[in-house]
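Heads up: the structure comes next, in structure tokens.
Worth knowing before you read on, the calculation uses all heavy atoms, side chains too, and leaves out hydrogens, waters and symmetry mates. None of the values given here were measured: they were computed from a predicted structure. One-based numbering along the sequence shown.
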Amino acid sequence: MAEVKEFTLPDLGEGLTEAEVVRWLVEVGEVVAVDQPVVEVETAKAMVEVPCPYGGVVTARYGAEGEELAVGAPLLTVAVGADASAPAAAEGSGSGGADGVVAEADGADAAEDGGAGETSGAVLVGYGTGAPPARRRRVRPTPVPAAAAGQVNGVASGYGRHAVTPEVPVRAEAAEPVPGPVPVISPLVRRLARQNGVELRTLTGSGPDGLILRADVERAIGAAGAPAAAEPSAAVASAPAADAGEVRIPLRGLRGVVADKMSRSRREIPEATCWVDVDATELLAARRAMNAAGGPDAPKISLLALLARICTAALARYPELNARVDTEAREIVRLERVHVGFAAQTDRGLVVPVVRDAHARSAESLSEELGRLTGAARDGSLTPGELTGSTFTLNNYGVFGVDGSTPIINHPEAAMLGVGRIVPKPWVYEGELAVRQVTQLSLTFDHRVCDGGVAGGFLRYVADCVEQPAVLLRGV
């Protein structure tokens with residue numbers, strides 16, 4: 001007898017609580033192997049292919065492409081075991097026909113790759129890892145009566161709003177209610193019962209293992225003579241009236257995470273900002289000299305890499321700013337390693353890739369890593385690990401054509417350096433009025449980790465290095 005197993009959206013790590021379905025990689029009725037990627041989701045950090053820990057036949061999918069699912073919400077169900085049939089069986093193909101032969105071969109492959117009882121080798125929070133068992137069953141196409149197919153359709157329709165009715169019949173018999181928690185998976189079913197005063201413990205579910213489906217609740221409502229609550233009308237009634245021409249954009253995904261993080265930063269961190277105008281003419285000249293010395297085929301050193309190198313040198317002098325505050329322990333945690341985050345604008349929005357161990361890198365190494373991460377950010381291939389763990393952030397908002405800003409600290413860091421556009425301006429240079437390449441630097445810092453003297457000293461050192469790059473040679 002086939003067993004229908006539900007695979008929920010796993011914890012993808014890094015504190016993420018939801019993900020958006022981007023693209024389904026399998027169809028209902030398709031045979032899948034253990035650890036085969038089944039869906040591509042987009043978190044606030046990166047695009048991720050999610051592998052399924054079960055092998056068998058996909059009987060239902062939950063969540064349309066573009067829909068956001070919470071961690072722990074149903075993702076799909078898989079029929080595993082000897083009675084799980086291949087798609088050809090659902091079409092009534094005989095075992096002697098060509099379709100039946102293909103279906104049997106597919107089922108056998110699925111059993112070899114991951115049949116009933118085999119455990120996943122992928123590291124999924126909540127599913128674990130394990131070694132495959134010595135014996136594996138074959139998944140063979142087996143014609144089943146229409147009544148059994150109807151039961152499966154009922155199972156699929158009760159799991160969620162966007163469940164897809166399975167095209168593959170699987171034998172599933174209603175089981176006696178088991179003691180313990182109420183056998184309900186769908187939050188919609190719980191809400192429907194609550195709105196209509198139905199006590200779920202009094203119901204016997206028609207789903208596998210006594211699972212209570214929406215149809216069971218609706219039957220109970222009909223027997224009591226109460227009208228079933230309509231989900232869409234309830235949602236409309238609870239929503240505020242919209243003005244004419246009003247557009248509502250869900251605050252979710254990357255935009256939602258950014259909103260939550262920025263709100264938390266402003267809520268928790270008593271930040272202050274100081275700024276200074278600097279003459280960047282010599283820094284630009286030093287960059288041209290470095291790139292010319294490397295030859296035409298050598299990788300070019302970016303201006304952002306030079307600024308990152310200056311910041312790591314400044315943090316070595318003022319380690320108070322390479323820190324975070326442990327609010328629960330009421331402690332300032334100073335960090336030995338410097339991981340520099342930098343703001344990058346992409347089609348998905350603003351992301352902050354992280355250059356690890358920036359303090360141990362040369363300007364050339366920093367430039368190479370910054371280029372790699374920028375390219376990955378633009379094509380959406382950054383991993384969650386490449387978007388977390390920064391200890392200090394560099395924000396070059398000058399690329400947007402603006403001179404200054406008071407950036408919000410990237411929680412839980414203690415400081416962020418902002419750099420405005422570099423433009424020619426009149427400047428007093430060596431006692432003479434001249435046209436120089438001028439920019440504005442702004443430092444936003446957590447006033448809990450240091451006072452203005454430390455912040456001012458850090459910013460002044462960065463400004464001196466920008467105006468006179470030879471200052472860096474003292475630390476080489």
Using side-chain heavy atoms (C-beta onward) and a distance below 4.5 Å, is [X] in contact with [Y]?
X: Thr393; Y: Glu413; value: yes
X: Trp427; Y: Leu433; value: no
X: Thr439; Y: Asp403; value: no
X: Val21; Y: Leu69; value: yes
X: Cys311; Y: Leu394; value: yes

Steps toward salt bridge (charged side-chain N to carboxylate O under 4.0 Å, His left out) verdict (Glu364, Lys300): CA-CA 8 Å; Glu364 186 174 340; Lys300 303 300 181 184; over 6 Å; no

Is it true that, when you exclude Gln468 itself, more than 12 heavy atoms of the residues, nucleotides or ligands shown sit nearer than 6.0 Å to its CD? no

Indicate yes or no: does [X] engage [Y] in a salt bridge with an N to O separation below 4.0 Å.
X: Glu386; Y: Arg372; answer: yes
X: Glu246; Y: Arg248; answer: yes
X: Arg287; Y: Glu282; answer: no

Under the side chain to side chain donor-acceptor pair (under 3.5 Å) test, which residues partner [X], sequence neighbours left out?
X: Arg324; answer: none
X: Arg334; answer: none
X: Ser365; answer: Arg361

Step by step, work out the salt bridge (charged side-chain N to carboxylate O under 4.0 Å, His left out) result for Arg330 and Asp326. CA-CA 6 Å; Arg330 293 185 62 82; Asp326 187 337; over 6 Å; no

Working to the nearest 0.5 Å, report the span between CD of Glu369 and CZ of Phe342. 8.0 Å

Spatial distance of atom CH2 (Trp24) from atom CD (Glu27) [nearest 0.5 Å]: 10.0 Å

Take Arg448 and Glu320, measure what salt bridge (charged side-chain N to carboxylate O under 4.0 Å, His left out) needs, and give me the verdict at the end. CA-CA 10 Å; Arg448 296 173 299 179; Glu320 296 93 334; over 6 Å; no

Partners meeting ring pair (Phe, Tyr, Trp, His ring centres under 6.0 Å) with Phe392 (sequence neighbours left out): Phe458

Listed by chain and number, what are the salt bridge (Lys or Arg N to Asp or Glu O under 4.0 Å) partners of Arg378, not counting sequence neighbours? none

Please report, to 0.1 Å, the donor-acceptor pairs under 3.5 Å made by any side chain of residues 349-358, with sequence neighbours excluded.
residue: Arg356; atom: NH2; partner: Gly385; partner atom: O; Å: 2.6
residue: Arg356; atom: NH2; partner: Thr388; partner atom: O; Å: 2.4
residue: Asp357; atom: OD1; partner: Arg337; partner atom: NE; Å: 2.8
residue: Asp357; atom: OD1; partner: Arg337; partner atom: NH2; Å: 3.1
residue: Asp357; atom: OD2; partner: Arg337; partner atom: NH2; Å: 3.0

